[in-house]
Amino acid sequence: MGLYLNPGNVGFEEIRRDIYVDKTGLIGYMNSLIGKPKPLVCFSRPRRFGKSFDASMLCAYYDRSCDSHALFDGLEISETKEYEAHLNKYNVLSFDMTGFIHISGDRKVSPVERLQSALIRELRETYPECMRPEEDDLGRVLYNIVSEQNIKFIFVIDEWDALFREFKDDKQLQTDYILFLRNLFKNRDLTPKIIAAAYMTGILPIKKYGTESALSDFREFSMTGPAKMARYVGFTEDEVKKLCLNHGMNFDDMKSWYDGYSFRQAPHVYSPNSVINAIQNEEIQNYWTKTETFESLKQYIDRDFDGLKNDVILMLAGQHVKVDTGTFQNDITSFSNKDDILTLLIHLGYLAYDQRQSEVYIPNREVSDAFQAAVKGGKWQPVEQAIKQSDRLLQATIDGDSSAVAETLELVHEECSSVLTYNDENSLACSIYIAYYTARNDYMLIREFPAGKGFADYVFLPRRDVDKPAMIVELKYDRGADTAICQIHNNRYEGILRDYAGELLLVGVSYFKDARGKNAKRHECVIERH
């Protein structure tokens, strides 16, 4: 058992002792590639989404230096016909690229040189009889070993993109790194002879130069297109339901906090780190901000790209916005427009991506809190002030103080109008959502909720164990708030809450573009209590 060569199965054994979700179907996919052209996979996703767990699992399964039957028997992979054919049959070279960035020593030696030297040194110690003293090229070293031992290698690379994130402006180092990887994985003469398969994972997809991938032989899966790998991005809904049942957790609460990532082949994907932490701590709360600082988000949404601020406000208001992911160069410096920023935030996990509609949105309550922290100060001050009004507005609504509600909504609408089309019902709807932003702590806010003969603009459903009234909010533009209340009654919107036993508030909100004033603005509110 070595540090990089055949690291054994201890890491996966520790994972199996903890709360565990069976993701060994990923091994089945890797097995299906062995012996075929291009058995190379790059599967990128955000921090906290189980990348290192998968790396440990693959090492434990393929590593010939250990016996891993006890760890995999009974799991999904053990039901496949290829299970025994590949279990513990290969030399594994595994490394986390961050280890070669932060390692102490001669700073004149690049991380790429340190990596290659470390791997060759360990191979030399294990296979001295296969080594030529002068050989310093990893590909040739591996070829010599495979020629003598007749055992191919499987590569497992974690945080493959760390160099692009940590040395974002060092183009020469990035080029050297890509050339190192190309020499291993795109050498038509050498690669098929020495490598049975390779699995790389990181946050960013493989770097593009123009429109081409730097390592085009890799099969790529990412947050913008996970395809058949979608169920391995995070925990699926069925997996979370089972965990909640086994550990006595409330599934609805878990869903409201950690669901929100959606793909064609997995419509509900949860953040694994957050789910596991909630179970271990027996408390559902925000675990995202314990591993990320809001500054990492703020530095991107503060970029001065036309339309970016407008899109962020719309997403804060629960809306989806269009995005073109095609121009993103898969790094954190080559930004040419707002779409590049939004695409990066997809890969970082701050935004979810609807591939069918080519739209992005804030996935869940946990990540929404990160956005709330990021829009503090600077050009976001109007939005920050609007959010700060939330608690006062909610209490005024519950108290039935329609004048205070109308006054507060007018202030919020005014503060957000600098980037939104003001005289528009959709603009009013966005302002309503932001104005009631902190109400999410006590309510599930649902926009365009199917009800009666149409759709209620907003429904506020109290969360479990919250003693507050449910609310239906209907919006009108250039018509009185009383017409909004009439619409709720006429279309029987309140029928959607027929099984709700608590108090119900019907809230009509209207905005008038007053022709008598110079673009004067006037808001009305009517509240009925039932």
Side-chain angles (χ1 to χ4, degrees), residues 2 4-6 29-44 55 58-59 62-64 82 85-86 89-95 97 100 110-158 160-161 163-164 172-202 205-221 330:
Y4 310 114
L5 173 63
N6 296 331
Y29 174 68
M30 293 300 299
N31 284 346
S32 73
L33 301 181
I34 295 176
K36 295 181 180 179
K38 300 182 180 180
L40 314 172
V41 171
C42 181
F43 184 17
S44 58
L58 292 169
C59 288
Y62 289 116
D63 189 339
R64 65 188 294 265
E82 298 89 2
H86 299 291
K89 295 295 195 301
Y90 298 90
N91 278 324
V92 173
L93 273 178
S94 175
F95 56 89
M97 199 60 209
F100 295 95
S110 79
V112 177
E113 294 173 309
R114 285 199 292 265
L115 167 63
Q116 182 160 235
S117 296
L119 297 180
I120 291 175
R121 183 167 56 251
E122 192 161 327
L123 289 165
R124 190 183 301 278
E125 291 170 356
T126 306
Y127 295 107
E129 70 280 6
C130 302
M131 303 296 288
R132 298 172 183 170
E134 71 283 359
E135 191 66 77
D136 60 359
D137 178 81
L138 181 60
R140 300 305 304 179
V141 167
L142 295 176
Y143 177 77
N144 294 337
I145 293 171
V146 173
S147 298
E148 292 288 334
Q149 301 292 322
N150 199 30
I151 301 171
K152 287 187 178 182
F153 284 82
I154 285 182
F155 273 76
V156 179
I157 305 174
D158 196 5
W160 90 270
D161 57 325
L163 279 180
F164 290 94
Q172 185 58 55
L173 178 58
Q174 294 174 17
T175 300
D176 291 345
Y177 182 46
I178 289 295
L179 289 175
F180 168 75
L181 294 176
R182 285 172 66 92
N183 185 49
L184 279 175
F185 301 124
K186 203 173 180 178
N187 187 318
R188 303 296 184 189
D189 297 324
L190 200 61
T191 301
K193 297 175 182 177
I194 63 175
I195 296 176
Y199 179 86
M200 294 200 313
T201 187
I206 292 173
K207 168 68 177 168
K208 288 195 295 185
Y209 293 97
T211 60
E212 297 297 324
S213 169
L215 297 168
S216 57
D217 284 356
F218 273 80
R219 302 165 191 255
E220 280 211 74
F221 306 93
N330 299 346

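What you see is a predicted model, and the numbers here were worked out from it, not measured in a lab. Throughout, numbering of the chain's residues begins at 1 and tracks the sequence.
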### Query
Pick one: which of Leu184, Ile157, Leu5 meets side chain to side chain contact (heavy atoms under 4.5 Å, CB included) with Leu93?
Leu5
### Query
When rounded to the nearest 0.5 angstrom, what distance separates CG in Leu163 from NZ in Lys207?
13.5 Å
### Query
How far apart are the closest heavy atoms of Asn144 and Cys130, and which atoms are they?
CB-O, 3.5 Å
### Task
Determine, step by step, whether Leu123 and Leu142 satisfy the side chain to side chain contact (heavy atoms under 4.5 Å, CB included) criterion, reporting the C-alpha distance in whole Å, the side-chain angles of both residues, the deciding distance to 0.1 Å, and the verdict.
CA-CA 8 Å; Leu123 289 165; Leu142 295 176; 3.7 Å; yes
### Query
Minimum heavy-atom separation for Arg132 to Arg124, with atom names?
O-NH1, 3.5 Å
### Summary
For Lys89 and Ala85, the nearest pair of non-hydrogen atoms, with its separation, is CG-O, 3.4 Å
### Query
Looking only at heavy atoms, what is the nearest atom pair of Leu58 and Val156, with distance?
CB-CG2, 4.2 Å
### Query
Within the side chain of Glu220, is there an N or O that forms a donor-acceptor pair under 3.5 Å with the backbone of Ile206?
yes
Can you list, pair by pair, the side-chain donor-acceptor contacts under 3.5 Å of residues 146-154, counting residues two or more places apart and other chains?
from   : atom 1 : to     : atom 2 : distance (Å)
Ser147 : OG     : Tyr143 : O      : 2.8
Gln149 : NE2    : Glu129 : OE2    : 3.4
Lys152 : NZ     : Pro192 : O      : 2.8

### Query
What distance do Leu138 atom CG and Leu115 atom CG have between them, rounded to the nearest 0.5 Å?
7.5 Å
### Task
Quick one: do Asp217 and Arg188 satisfy side chain to side chain contact (heavy atoms under 4.5 Å, CB included)? Show the steps, please.
CA-CA 10 Å; Asp217 284 356; Arg188 303 296 184 189; 2.9 Å; yes
### Task
Considering non-hydrogen atoms only, spot the tightest contact between Phe185 and Thr191 and give its length.
C-OG1, 3.5 Å
### Message
How close do Asn6 and Asp63 get, counting heavy atoms only, and between which atoms?
### Response
C-OD2, 3.0 Å
### Query
Rounded to the nearest 0.5 Å, what separation is found between the CE atom of Met131 and the OG1 atom of Thr126?
9.5 Å
#### Entry: CA sep, side-chain torsions, deciding dist, call: Asn91, Arg64, side chain to side chain contact (heavy atoms under 4.5 Å, CB included)
CA-CA 6 Å; Asn91 278 324; Arg64 65 188 294 265; 3.1 Å; yes
### Query
If you measure from CD1 on Ile195 to CG on Leu190, what distance do you get to the nearest 0.5 Å?
7.5 Å
### Task
Evaluate side chain to side chain contact (heavy atoms under 4.5 Å, CB included) for Tyr177 paired with Trp160, printing each intermediate quantity in order.
CA-CA 10 Å; Tyr177 182 46; Trp160 90 270; 3.9 Å; yes
### Message
Donor-acceptor check, side chain of Thr201 to backbone of Phe43, threshold 3.5 angstrom: yes or no?
### Response
yes
Enumerate, atom names and distances included, each donor-acceptor pair closer than 3.5 Å involving a side-chain atom of residues 29-42, sequence neighbours excluded.
from  : atom 1 : to    : atom 2 : distance (Å)
Asn31 : OD1    : Tyr62 : OH     : 2.7
Asn31 : ND2    : Tyr61 : OH     : 3.2
Ser32 : OG     : Tyr29 : O      : 2.5
Lys36 : NZ     : Ser32 : O      : 3.3

#### Entry: Interatomic spacing from CZ in Phe218 to CG in Leu181 - rounded to 0.5 Å
7.0 Å
